Amino acid sequence: MHPPQLVLTRDDLHEVVDYFSARDEFAFDVETSGRDRGVAAVNNVTWMSLATHGAATVIPLGHPNGYELLRKASWRKNKATGERENLPAQFSDPPTQLRPSQVFEALRPLFFSNRTKIAHNATFDLLSIAKYYGGYPPPPYGDTIVAAWLLNENRPLGLKPLTKARYGLDYDHENVGKCVEAHPFGTVANYAWLDAKSTWLLWRHMRPQIDADGLAPIWGLEMDVLDCLLHTQAPGTPVDIAALNSLRDDLRRELVGREAGVYRAAGKVFNLGSTPQKQALLYGPPPEGQGLQPRRFTKTGAPSTDADALGFHKGNPLVDEILGYQELATILHTYVEGYLGDNEGRPSQVFDGRIYPSFAQYGTVTGRFSCRSPNVQNWPRPDTVWGKRIRDLVEPSPGSRLLVADYAQIELRILAHFAGPGRLWQGFWDGMDAHVATAAAVFGVPPEEVTKAMRQVAKGLAFAIIYGAGPGKLADMAGISVAKARGFMRTHEREFPEVYRYKDEILRTVRGRRPQPYLHTLLKRRRRLPDLLSPVAALRSRAERQVVNSHIQGTNADMTKLAMVRFNKTRLPGMQLLLTVHDELAVLCPTEIAEEGAKVLHEAMAGEDMQLLGVPVLTEVKICERWSEAK
DNA sequence: CAATAGAGCGCT
DNA sequence: AAAGCGCTCTATTG
C-alpha cells in the first residue's frame, strides 16, 4: 500500500522504508537551516523528502515551528542605541518529530545500496546527509540539474523554473527554501514534498531524453564526475588561519596608507569604492577634477575608471595612487575579509580551519566548472606577491605535500587537433613553444631569433583565434598599432591556412544543424547556439565567435573532467583532489608517497589513454610544501 | 527594508 | 564588435 505522505512516527518511517526498498531508484531532497544552511559540510538537515514510483513523502527532523503563525516577524528601533532590533515571527508549538539519528539510521538501507539516488544538484544533498553517516552514499546517482543542463545549457536550471516550464506547476511564491525556519510547519511540509516529487517527475522525463538525444556517454562521464566531486568537496580545504589573520593585518595597515595617499592626491576625502565619484575626480574639470581625457568607456557610455582606462594616464599622481589602492583593496576585500567574515553580518567561510568551496559541474555553458563559496578558481596568480600569500593559505598537514599539475597550452593543442596537419600541428610535434613557432612563421625569422615582443604578438594572435578578437584587441594586447595588428592577422592567415579552414568548416557544420544550430565537443557534449541564425548581426557575430571558443573550451573541459574521473579511480590512499581550475588539478598527498602520487596524477591527466588529440598532450606535476613553490 | 544592476577585478 | 566564470562595492529601484 501507499506509505504516509508525512512521517512523524517510527511506524510511519518503517512503512516508508518498506515501500522505497522495493524500488530501484528514488529522488530525495533536503531542507537545511541555520546561518550556514548553504554549506553542506556543516549545515543542519531539518527536512528530508523522498519520491519514487507512485509515492512521495516528507520527513521533518526538527522543524522549530508549528502550523499556526501567531505573530509576524517585525522590527523596531531601540530608543537608547538607535539600532534596529529584529523580532522573529512566533508560531504555535511544533508537532513531535523524529530525531535525525533515528531517521538517517532507518534510511541507511536505501542510501547505502545500489539504488539510484536522484536529487536536483545532488552534490549538495548527498554531502548534506553525508555528515550523519560519516561518509557519502555510493553510486549510482542521478542529478536532474545536470540532466537539464546537458539537454539545454541555455536555460534557467533551478528546480522551480524547470518544473514550471515542464508541468506548469508553480508552487513556491514565498521562497520557502531560502529560510525554512521562517515558515509554519505545514507550509514547509508541503514545499519539501513538492520538491522531491517534482525532482522525481523531472527525472522520469529527462533521463530517457538523455538517451534519445545521444547524450548517454557524456551523461555517464558527468555522473562519474559527480562521484569525484563528492570526494573532493567532502573534506574541504585546510587553511592556515594564523597566516590568514596576519595577511589581514598586513593588508589593512598597508591599505590605510594608500587610502591617505589617494586623498592627498585628490585634495579631498571621498568614497574610494564609488565609481561616479572617481569619474568626477578624474575626468571632471579642474580645480575639483583632474580634467583627464577619457580613453575608455563603459557599456553604458560612462567614462571608465578601470585599470585599463587609467593605464593611459600613468604618471598622474591621483591615477597612480588609485591604481595602487585598488590592487590591495581587491585582495583584502575578496580573498581575506571575504573568507574571515565580519561583524556586520558577513559570515565566516572558514569552518574549523577549512574552507568548503563548492564546484558546479553544470556551472557554465561550455562544460567547464564554476566554483563558489568561496571561488577558488580566481585566486591571484602564484607568480605575484599577493597571489603567493593567498595560495600559501592552503596548508597541507605536516605529513603531506601539494601536487599541482596543469596541461601545457591545452587550448592551442586542441585548436591544432581540430585544424589538422599544418604548421601549428607540426610545431607541437617538434616540441616547440607554440607562441615562438607562431612568431617565427609570422615574422619570417628562425625560432631562435624570436624576441619577447614578437612572442607577445604571437600570443595575442592565439587569443584572437580562440576568442575571436579583432585587430583592435590584438593591438591593445600586444602594444602595437591597429594597422600593424591587422597586418599580422593577414600574415597569420596566410601561414596557418588550416586554422582558418577549420573555423569556416565548423561554422558551416554547426550553422546547418537542426532544429537549432549546435556543436559537439570531443566527447560529444553539446553546445546550442541559436543566435547563429539571429537576424541581428551583432548577436550572430557573437555566436560565431562562441562556436570556435566553445568547441575548444568545451573540449578542454571534457578532457579535464575525464582526467579527474581517471584520477578518482586510481588515486592512492590518502590522496585528495582539492580543486580544479579548468586545465589544472591540485591534490593533497601524503609525503611518503608523493613521488608515486605524482605519477598517478600525471598518468590520469596525460597517460596513454588521454592522448586523445592529434598532437601530444603534456602536463607537468610539481610537488610542493606550499603553493608558492609552484611558481 | 530587500533585491537588482552596473562597474570593476580576480582567474583560465 | 574578446570566450567562460564569481565576488565586492555602490547606486538605484521596488
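All values below were derived from every heavy atom in this structure, side-chain atoms included, with hydrogens, water molecules and symmetry-related copies excluded. Note that the coordinates shown come from a computational prediction; the quantities given were computed from them, not determined experimentally. Note on naming: letters A, B, ... go to the chains in the order of the sequence lines (proteins, then strands), and numbering restarts at 1 for each one.
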Pick base, sugar-phosphate or nothing for [X], based on heavy-atom distances below 4.0 Å to the nucleic acid.
| X | answer |
| --- | --- |
| Arg540(A) | nothing |
| Glu584(A) | nothing |
| Gln553(A) | base |
| Arg372(A) | sugar-phosphate |
| Ser373(A) | sugar-phosphate |
| Ala464(A) | nothing |
| Gln277(A) | sugar-phosphate |
| Arg296(A) | nothing |
| Gly387(A) | nothing |
| Ser541(A) | nothing |
| Val548(A) | nothing |
| Asn271(A) | sugar-phosphate |

Using atom [atom1] of [X] as one end and atom [atom2] of [N] as the other, report the distance to the nearest whole Å.
| X | N | atom1 | atom2 | answer |
| --- | --- | --- | --- | --- |
| Ile322(A) | dC9(B) | CD1 | C1' | 15 Å |
| Phe297(A) | dG8(B) | CZ | C1' | 17 Å |
| Asp306(A) | dG10(B) | CG | C1' | 13 Å |
| Gln409(A) | dT12(B) | CD | P | 14 Å |
| Gln326(A) | dA7(B) | CD | P | 15 Å |
| Asn556(A) | dC11(B) | CG | P | 18 Å |
| Lys72(A) | dC1(B) | NZ | P | 19 Å |
| Arg389(A) | dG10(B) | CZ | P | 17 Å |

- prompt: How do Pro471(A) and Arg542(A) order along DNA chain C: which one's closest nucleotide is nearer the 5' end?
  reply: Pro471(A)
statement: Heavy-atom nearest nucleotide on DNA chain C taken for Ser550(A) and for Gly472(A); more 5' hit belongs to Gly472(A)
message: Between Asp342(A) and Arg346(A), does the salt bridge (Lys or Arg N to Asp or Glu O under 4.0 Å) criterion hold? Intermediate values first, please.
response: CA-CA 5 Å; Asp342(A) 55 34; Arg346(A) 191 158 48 157; 3.1 Å; yes
task: Scan for side-chain hydrogen bond (donor to acceptor under 3.5 Å, both in side chains) pairs involving residues 322-331 of chain A, sequence neighbours excluded, and state none if there are none.
output: Gln326(A)-Thr330(A)
- request: Could you go through the salt bridge (Lys or Arg N to Asp or Glu O under 4.0 Å) check for Arg258(A) and Glu321(A) one step at a time?
  value: CA-CA 7 Å; Arg258(A) 302 218 182 183; Glu321(A) 292 288 346; over 6 Å; no
Detail all sub-3.5 Å separations between protein N/O atoms and N/O atoms belonging to nucleotides 3-6 of chain B.
from: dA3(B); atom 1: OP1; to: Lys178(A); atom 2: NZ; distance (Å): 3.2

Ring pair (Phe, Tyr, Trp, His ring centres under 6.0 Å) evaluation trace for Tyr191(A) with His183(A): CA-CA 10 Å; Tyr191(A) 168 84; His183(A) 296 272; 8.3 Å; no
task: Go through the steps to decide whether Arg525(A) and Asp558(A) satisfy the test salt bridge (Lys or Arg N to Asp or Glu O under 4.0 Å), and finish with yes or no.
output: CA-CA 8 Å; Arg525(A) 180 190 307 284; Asp558(A) 290 352; 2.8 Å; yes
- prompt: Does Glu181(A) have any side-chain contact (heavy atoms from CB on, under 4.5 Å) partners at least two apart in sequence or in another chain, and if so, which?
  reply: Ser33(A), Arg37(A), Pro64(A), Cys179(A)
query: Among all residues two or more places apart in sequence or in another chain, which pass the side-chain contact (heavy atoms from CB on, under 4.5 Å) test with Ala405(A)?
result: Leu601(A), Met605(A), Thr619(A), Val621(A)
query: Do Glu288(A) and Leu281(A) come close enough that some side-chain heavy atom pair is under 4.5 Å?
result: no
task: At the 4.0 Å heavy-atom cut-off to chain A, mark where contacts on DNA chain C begin and end, going 5' to 3'.
output: dA1(C) to dA11(C)
message: The test is ring pair (Phe, Tyr, Trp, His ring centres under 6.0 Å); show your working for Tyr502(A) and His551(A) and say whether it passes.
response: CA-CA 11 Å; Tyr502(A) 150 70; His551(A) 197 206; 5.7 Å; yes
- request: Please list, chain by chain and in numerical order, all residues satisfying side-chain hydrogen bond (donor to acceptor under 3.5 Å, both in side chains) with Lys473(A), sequence neighbours excluded.
  value: none
message: How long is the straight-line distance from OG1 of Thr384(A) back to CD1 of Ile390(A), given to the nearest 0.5 Å?
response: 8.5 Å
